[in-house]
2 protein chains.
Amino acid sequence: MKRIHQTLATCGLRPTRQREHVYHVLLQQRDHPTAEEIFLRAKSEMPTISLATVYNCLEALEEFGLVKQVNMQRAATRYCPNMHDHHHFHCDACENVFDVPVSSPTPKSDVKLPSGFQVSGREVTLRGLCPDCGNGKRKVRRNG
Amino acid sequence: MKRIHQTLATCGLRPTRQREHVYHVLLQQRDHPTAEEIFLRAKSEMPTISLATVYNCLEALEEFGLVKQVNMQRAATRYCPNMHDHHHFHCDACENVFDVPVSSPTPKSDVKLPSGFQVSGREVTLRGLCPDCGNGKRKVRRNG
DNA sequence: CTAGGTGCAAAAGGTTTGCGGTTAA
DNA sequence: TTAACCGCAAACCTTTTGCACCTAG
């Protein structure tokens, strides 16, 4: 928790209790919770925190490069504190989101961008069934 | 337009005037309009069509594999009638979305998926500046 | 001390839904 | 003929905003 405080300060982000707590909640579980889910988890240990504050904190954390947004089809934005180069896998059944490591560090070679485009970011999302849902087990709802 | 009728029928999708028109509107311009934009364009030639119907039509077209959704960060879903394997480029300035051809047909080789995952789809989105916005020209708002 | 953050409640999009009337096969 | 679709309006969900109070530096 002291580390989190340090991390925020180092980024130039004013380390408030709420921001530290929201970031802490994100680091605690390796899933990709929605703002609402983050709010509920944060609230359990900090009852006075509001949803709007969670959104504010997430926006600040994103701006300072500590979390990334993950957007799925027609679903609420999810947040990911893993800033290493990786892809995402979205299970169509349980809607959990998993990190997928990449072997080579961003092989941009497979795209033919017409000249003039300046690329600053790249996002890869895979869809399908995760091991639990593919094995015929019942659909597991995210979070808990 | 007769072709569109045929296409819908061939897919097993009941070809109604509204669906044909929505699909027609999507094919007419090579951009990636939002539902609202599609609604406005459709309305100009079919004044009685409603936004809900546009959503219904888009949902049906998507279900039958004629269009794909393209989701950007915190923005309205956009729709793309190009069903060939391709990526998307999202301009951070003007927010236009461009299709990006891929050289090799889906090189899945660069991801290390843990066993048990069944992949059914893959979506790649690049972000940055398009030629117009990168060249210092003023930001061009999408559509018109 | 003060710029910026927080909590609250209300509003603003974007999308979905319920229902009576309509239409394509 | 009839199951599916359409138009309308209202609901719904996620996210943003305005404002008074508070807090970290």
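Chain identifiers are assigned alphabetically (A, B, ...) following the order of the sequence lines, protein sequences preceding nucleic acid strands; residue numbering begins at 1 within each chain.
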Quick one: A/Arg17 CZ to C/dG5 C1', roughly how many Å, whole number? 12 Å

Taking CD in B/Gln6 as the centre, count heavy atoms belonging to other residues, nucleotides or ligands within less than 6.0 Å. Is the count above 12? no

Any A/Thr53 side-chain nitrogen or oxygen under 4.0 Å from OP1 or OP2 of C/dG5: no

Go through the side-chain N and O atoms of B/Glu20 and B/His24 and say whether any donor and acceptor fall under 3.5 Å apart. no

Given atom NZ of B/Lys43 and atom C1' of D/dC8, what is their separation to the nearest angstrom? 12 Å

Phosphate oxygens OP1/OP2 of D/dC6: is one of them under 4.0 Å from a side-chain N or O of B/Ser50? no

Do A/Arg19 side-chain atoms and A/Arg14 backbone N/O form a donor-acceptor pair below 3.5 Å? yes

Considering just the side-chain nitrogens and oxygens of A/Thr48, establish if one lies under 4.0 Å of OP1 or OP2 belonging to C/dT6. no

Would you tell me if any nitrogen or oxygen in the side chain of A/Tyr55 comes within less than 4.0 Å of OP1 or OP2 on D/dT16? no

Categorize A/Ile49 for me: base, sugar-phosphate, or nothing, with a 4.0 angstrom heavy-atom threshold over every strand shown. sugar-phosphate

Can you tell me if A/Gln18 touches the phosphate of C/dG7, counting only side-chain N or O atoms and a distance under 4.0 Å to OP1 or OP2? yes

Check every atom of D/dC6, C/dT6, D/dT15 against the side chain of B/Cys57 and return the nucleotide holding the closest atom. D/dC6

5'-most contact on DNA chain C (nearest-nucleotide basis), A/Thr16 vs B/Pro15, goes to A/Thr16

Name the nucleic acid region contacted by B/Ala52, choosing base, sugar-phosphate or nothing; use a 4.0 angstrom heavy-atom cut-off, strictly under. base

From CG of A/Leu58 over to P of D/dT15, roughly how many Å is that when rounded to an integer? 10 Å

Under a plain distance cut-off of 3.5 Å, with no hydrogens placed, do B/Asp99 and B/Asn82 share a side-chain donor-acceptor pair? yes

Just to confirm, is there a sub-4.0 Å distance from OP1 or OP2 of C/dT23 to any side-chain nitrogen or oxygen of B/Arg14? no

